[in-house]
Amino acid sequence: MERKWHFLATELIKNLARHVGGEVTIQGWLYNVRSSGKIRFLIVRDGSGMVQGVMVKQEVGDELFELANTLTQESSLKLTGVVREEPRSIGGFELQVTGLEVVSVAEEYPITHKEHGVDFLAERRHLWIRTPRQNAILRIRSEIEHAFRDFFYQRDFVLADSPIITPAACEGTTTLFELDYHGEKAFLSQSGQLYNEATAAALGRIYCFGPTFRAEKSKTRRHLLEFWMIEAEMAYFDVDDNMKLQEEMVFYVIQRVLERCRQELKTLERDVSKLENIKLPFPRISYTEAVELLKKAGQEFEWGDDFGAPHETIIGSHFDAPVFVHRYPTVIKAFYMKPDPNDPKVVLGADLLAPEGYGEVIGGGQRIDDLALLEKRIDEHQLPREAFEWYLDLRRYGSVPHSGFGLGIERTVAWICGLDHIRETIPFPRMLHKMYP
RNA sequence: UCCUCGAUAGCUCAAUGGUAGAGCACCCGGCUGUUAACCGGGUGGUUGUAGGUUCGAGUCCUACUCGAGGAGCCA
């Protein structure tokens, strides 16, 4: 598939290695300049990488040399030069400059190469994403999203997108953003799952990938008000099939990032051995076993309580790989979760907790396929029956055992990149009281 | 909503209750291999807001505003 675009006048910085000895033009932005009177070093970025252009006064002449002096940080420019291997230079190559075209001289740039506080950077997120670290994160996010899609494509899943505007709460628990739908109440979707169950009954194995909205006043490093979720739903999958698919998916994505994003992981100073050591299958423990584990770790915990973030961290830190916690108490889980036939006090749900304290990245499980039980649960949870008639239809017309899950992209990116805050995993994070820019 | 912490130059931070400072950025000068280059000089302040204590407040007290981290909820 690799093609060489010889007919193009310009080249990406990441491809300069193909042109050693040749003259090429790159187009980008000035990242930094160092000047020594008669020699200048122009560090240029183009989004694909960075390269140093070397300009010697004697060689390029006074006019070009002085032109370079007018350039400020982040000025846009086209730089022409001969590609050389140079171990002293970033990336191992440099450009012996022969030509420079100034596209636009930048005003004084607010983000310097020194330290800045997160508040200052967040206000300038549109510029912050130009920095090498943010660039690396967004490239890894892109690779992760492609990997998920490829994984599902290879396994004959159909991409079936779920609606973003919905008439009712999916689970009736969380706070939703409300809309006026031409006089009707509507909400931004908090999950595509119920719709996924319908498309799975139509297409067999499906997934959707889109934005999700939660209006809770969450203010932690793990929460966004708008985030992206991969949700899959599979007809004829039980709880074990479900976990097997998930671990293969997560493993596949990690291998893809290790294979294709080495440079980006290095930029982030990620300890890649933590990712390389992850093997299949992932450990599986029941909720009850997890409670025992917490008690042994000295935590006060009652069977029947839900795990908080500190508990997830303790459980996750006992394993080198992500760990499935399955068979949660029925009372703390959503109305559609199928009870375990061997022990109806628990459901056939399983969450995947990432290691290194990153907590829950997947929530999933087997769904109730029995009409009468589902009707009973809807009543118990005091949900508006009318809004769920179509969902009950799925049990009236050819009900099958089926399972699915939802994976949070941002938490997955934060974990794989080793970030301490989710706000860096998306180009423009939406957080409590924060939606600028 | 609750708990904890914070706010000083454009940025990152100093300053026993006693003249508000440094590095970076920016401007000027110097330097032919720099790696967040370096060296010399210069510009730059209503110390978040309002009030109080004091001879004197960036510093102590009160309220408020804004922000950060955490809890709950969850991906």
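Reminder, nothing fancy here: chain letters follow the sequence lines and each chain counts from 1.
A donor and an acceptor atom sit less than 3.5 Å apart, one in the side chain of Lys219(A) and one in the base of A68(B). Remark: the Arg124(A) side chain and the C11(B) base include no donor-acceptor N/O pair separated by less than 3.5 Å. Contact of His223(A) with C74(B) (side chain to base): a donor-acceptor pair of N or O atoms is detected under 3.5 Å. The base of G67(B) does not come close enough to the side chain of Glu123(A) for any donor and acceptor atom to sit less than 3.5 Å apart.
Considering only side-chain N and O atoms, Arg423(A) lies under 4.0 angstrom from the phosphate OP1 or OP2 of G69(B). Residue Arg222(A) places at least one side-chain N or O closer than 4.0 Å to OP1 or OP2 of A71(B).
For the residue pair Tyr336(A) / Gln193(A), a side-chain donor-acceptor distance below 3.5 Å is found, with atom types taken as modelled. With 3.5 Å as the limit, one finds no donor-acceptor pair spanning the side chains of Glu356(A) and Ser317(A).
In this structure, Arg124(A) is positioned above the aromatic face of Phe120(A), its NZ or CZ under 6.0 Å from the six-membered ring centre and within 45° of the axis.
Looking at every heavy atom in both residues, Pro437(A) comes nearest to Ala122(A) through CD-O, 3.6 Å.
A distance-only check finds a donor-acceptor pair linking the side chain of Glu410(A) to the backbone of Trp228(A) [under 3.5 Å].
Of the residues in residues 35-45 of chain A, those with a non-hydrogen atom less than 4.0 angstrom from any atom of RNA chain B are Ser35(A), Ser36(A), Gly37(A), Lys38(A), Ile39(A), Phe41(A).
To the nearest whole angstrom, the two P atoms, one in A20(B) and one in G44(B), are 16 Å apart. Annotation: A68(B) and U12(B) have their P atoms spaced 13 Å apart (nearest Å). Look at the C1' atom in both U19(B) and U47(B): the space between them is 15 Å, to the nearest Å.
Base pairing of C11(B): its partner is G23(B), meeting the Watson-Crick or G-U wobble criterion (both donor-acceptor distances under 3.5 Å). Base pairing analysis places U1(B) opposite A71(B); the two distances defining the Watson-Crick or G-U wobble pair are each below 3.5 Å. Base pairing of C66(B) is made with G6(B), judged by Watson-Crick or G-U wobble geometry with both donor-acceptor distances under 3.5 Å. Shown here, C38(B) forms a base pair with G30(B); the pair counts as Watson-Crick or G-U wobble because both key distances fall under 3.5 Å. Across all strands shown, C60(B) forms a Watson-Crick or G-U wobble pair with G52(B), both key distances being under 3.5 Å. Taking a pair to require two hydrogen-bonding distances under 3.5 Å in either a Watson-Crick or a G-U wobble arrangement, U16(B) remains unpaired.
The CD1 atom of Ile278(A) lies 12.0 Å from the CD atom of Glu247(A); values are rounded to the nearest 0.5 Å.
For the pair Leu224(A) and Thr112(A), both in contact range of RNA chain B, the more 5′-proximal nearest nucleotide belongs to Thr112(A).
Among the candidates Phe152(A), Tyr153(A), Phe151(A), the single residue satisfying the ring pair (Phe, Tyr, Trp, His ring centres under 6.0 Å) test with Tyr207(A) is Phe152(A).
Distance, Asp420(A) CG to A68(B) C1': 12 Å, rounded to whole Å. The nearest whole Å value for the distance from the CD1 atom in Ile111(A) to the P atom in C26(B) is 14 Å.
A salt bridge links Asp119(A) with Lys434(A); the closest basic N to acidic carboxylate O contact falls under 4.0 Å.
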